[in-house]
*Asks:* 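Supplied in structure tokens, the structure appears directly below.
All values reported here derive from a predicted model rather than from experimental measurement.
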Amino acid sequence: MRVGLVSVGLALLLGAGIGPASADDYDETEYRLKTAEVPVDLRERIHIAIRRGVAHLRKFQNADGSFDANPGHTTLAGLALRHAAIPDGIEGGRRAIAWLRKAGKEQSGMTTYGVGILAMLLTADNCHPEWNQSLHARFAKGPRKDKGYWGYEPSGGYPPPNLSTAQFACLGLWAGERAGAKSATKAWRRHLDALLLAQQPDGSWSYSPGRPAGRAHTWSFGYPTGTYKGLANLTLAAEALREELREDPKLWSRTLLASAVARAALRRHVAWEFDSTILP
């Protein structure tokens, strides 16, 4: 669990899936922190934390490059290491990729989560374009026609489709297209339409859009994490469909409005998260 938490933290901080990492990523991280007006002393503490996170993860990396000989653990930890952009992190990320390749874990048996993270890892290291193309092709077959979302299997497959699996499918698609794959226009459009249809009146999204209301609150009603995931997917889809939206003013207007309402909902959710006295 500690490995997973460190991996997620490093990957998010370092911009997982944004683009290939390089020796200049330290400077890029510093630039982002400066842009956010993070104080100098805190910036240095963040860089120290990154180095400590890399050292911690490397303690758990097996001699063969894997983590627990598990493809999911290995892709997530490998992504965090590769984006750290310090020599030990880059080496660890590349060793993780090598194990996945050698062990035949290119994609077989991996869920939408694992395949999406793997696509981001390959894009981060700017390697194996043919492998990344094959991952992208699997996501491009989705999302499920009946819902507009991906399920636990990248090409559709095992239901139920939900916002969590759709988030990693979108990240996988985006990573593949940054690595040179042709835009999966049909898949992006199908998902964009589903997002616009499922958005709650208050701008949020539920975990399982379209599912009848039941005892599980987050399945049928908007919630903070759902708003983040819905807005993130909406942003990626709009960018991927930029040309199509320019040719469809009505859809473009709907997308802009949905984004604005979602951002307002996200601001409210952030306030709720940081102030326990405020109830949703």
*Asks:* Are E239 and R242 ion-paired here, with the side-chain N under 4.0 Å from a carboxylate O?
*Replies:*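 Yes, E239 and R242 are salt-bridged.
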
*Asks:* Are I50 and I48 grouped together when hydrophobic residues (ILVMFWY) are joined by side-chain heavy atoms under 4.5 angstrom apart?
*Replies:*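 Different hydrophobic clusters.
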
*Asks:* What heavy-atom pair brings G172 and F139 nearest, and what distance separates the two atoms?
*Replies:*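 Residues G172 and F139, closest heavy atoms: CA-CE1, 3.8 Å.
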
*Asks:* Hey, are R189 and D193 close enough for a salt bridge, meaning a charged N less than 4.0 Å from a carboxylate O?
*Replies:*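 Salt bridge flag = yes for D193 with R189.
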
*Asks:* Given 3.5 Å as the limit, does a donor-acceptor pair link the side chain of W205 with the main chain of L195, or not?
*Replies:*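 Between the backbone of L195 and the side chain of W205 there is a qualifying donor-acceptor contact (under 3.5 Å).
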
*Asks:* Whether the S208 and Y149 side chains hold a donor-acceptor pair (N or O, under 3.5 Å, no angle test) is what I'd like checked.
*Replies:*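 No - no donor-acceptor pair under 3.5 Å links their side chains.
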
*Asks:* Got a donor-acceptor contact below 3.5 angstrom from the R58 side chain to the G89 backbone?
*Replies:*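 No: the side chain of R58 does not pair with the backbone of G89.
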
*Asks:* Is it true that a side-chain atom of S66 and a backbone atom of N62 form a donor plus acceptor pair closer than 3.5 Å?
*Replies:*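 Not a single qualifying donor-acceptor pair exists.
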
*Asks:* Measure the OG1-OH distance between T165 and Y152 for me, rounded to the nearest 0.5 Å.
*Replies:*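 Here the interatomic distance stands at 6.0 Å.
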
*Asks:* Aromatic contact between F67 and F60, with the criterion being ring centroids under 6.0 Å apart: yes or no?
*Replies:*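 No, the ring centres sit 6.0 Å or more apart.
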
*Asks:* Group every Ile, Leu, Val, Met, Phe, Trp and Tyr by side-chain heavy-atom contacts under 4.5 Å, then state whether V270 and V261 land in the same group.
*Replies:*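 Different clusters: V270 never reaches V261 through Ile, Leu, Val, Met, Phe, Trp or Tyr contacts under 4.5 Å.
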
*Asks:* Can you tell me how far apart SG (C127) and CG (N132) are? Round to the nearest 0.5 Å.
*Replies:*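 It comes to 8.0 Å.
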
*Asks:* Is R43 reaching over with its side chain to a backbone N or O of L33, donor-acceptor style, under 3.5 angstrom?
*Replies:*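 No: the side chain of R43 does not pair with the backbone of L33.
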
*Asks:* Salt bridge check: are E177 and K182 linked by an N-O gap of less than 4.0 Å?
*Replies:*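 Salt bridge flag = no for K182 with E177.
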
*Asks:* Output all residues satisfying side chain to side chain contact (heavy atoms under 4.5 Å, CB included) with L196, sequence neighbours left out; order by chain, then residue number.
*Replies:*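 L192, L234, L251, R254, T255, A258.
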
*Asks:* Starting from L236, can I reach L257 by hopping between I/L/V/M/F/W/Y residues whose side chains sit under 4.5 Å apart?
*Replies:*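 Shared cluster, no.
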
*Asks:* Donor-acceptor check, side chain of S204 to backbone of Q200, threshold 3.5 angstrom: yes or no?
*Replies:*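 Absent.
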
*Asks:* How about CD on E37, more than 12 heavy atoms from neighbouring residues, nucleotides or ligands closer than 6.0 Å, or not?
*Replies:*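 For E37, atom CD is not crowded (no more than 12 foreign heavy atoms under 6.0 Å).
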
*Asks:* Testing the basics here: between W131 and S134, what is the closest heavy-atom pair and its distance to 0.1 Å?
*Replies:*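 Smallest interatomic distance, heavy atoms only, reads O-OG, 2.6 Å.
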
*Asks:* Would R246 and E243 count as a salt bridge (Lys or Arg N to Asp or Glu O under 4.0 Å) if you check the C-alpha gap in whole Å, the side-chain angles of each, and the deciding distance to 0.1 Å?
*Replies:* CA-CA 5 Å; R246 285 177 178 174; E243 296 302 321; 3.1 Å; yes

*Asks:* Any chance you could measure L57, atom CG, to Q61, atom CD, to the nearest 0.5 Å?
*Replies:*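 Answer for the CG-CD pair, L57 versus Q61, is 8.5 Å.
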
*Asks:* Just by distance, do the side chain of R95 and the backbone of A63 share a donor-acceptor pair under 3.5 Å?
*Replies:*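 Such a contact is found between R95 side chain and A63 backbone.
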
*Asks:* Measuring from Y228:OH to Y223:OH, what's the distance to the nearest 0.5 Å?
*Replies:*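 The OH atom of Y228 sits 12.0 Å away from the OH atom of Y223.
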
*Asks:* Hey, could you give me the CZ/NE2 distance between R101 and H128, rounded to the nearest 0.5 Å?
*Replies:*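 Separation between the atoms: 5.5 Å.
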
*Asks:* For a side-chain hydrogen bond (donor to acceptor under 3.5 Å, both in side chains) check, start with the C-alpha distance between Y113 and T75, then their side-chain angles and the critical distance, and finish with the verdict.
*Replies:* CA-CA 10 Å; Y113 298 109; T75 50; over 6 Å; no

*Asks:* Answer yes or no: is there a donor N or O on one side and an acceptor on the other, between the side chain of R268 and the main chain of D202, under 3.5 Å?
*Replies:*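 Looks like yes, one N/O pair under 3.5 Å.
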
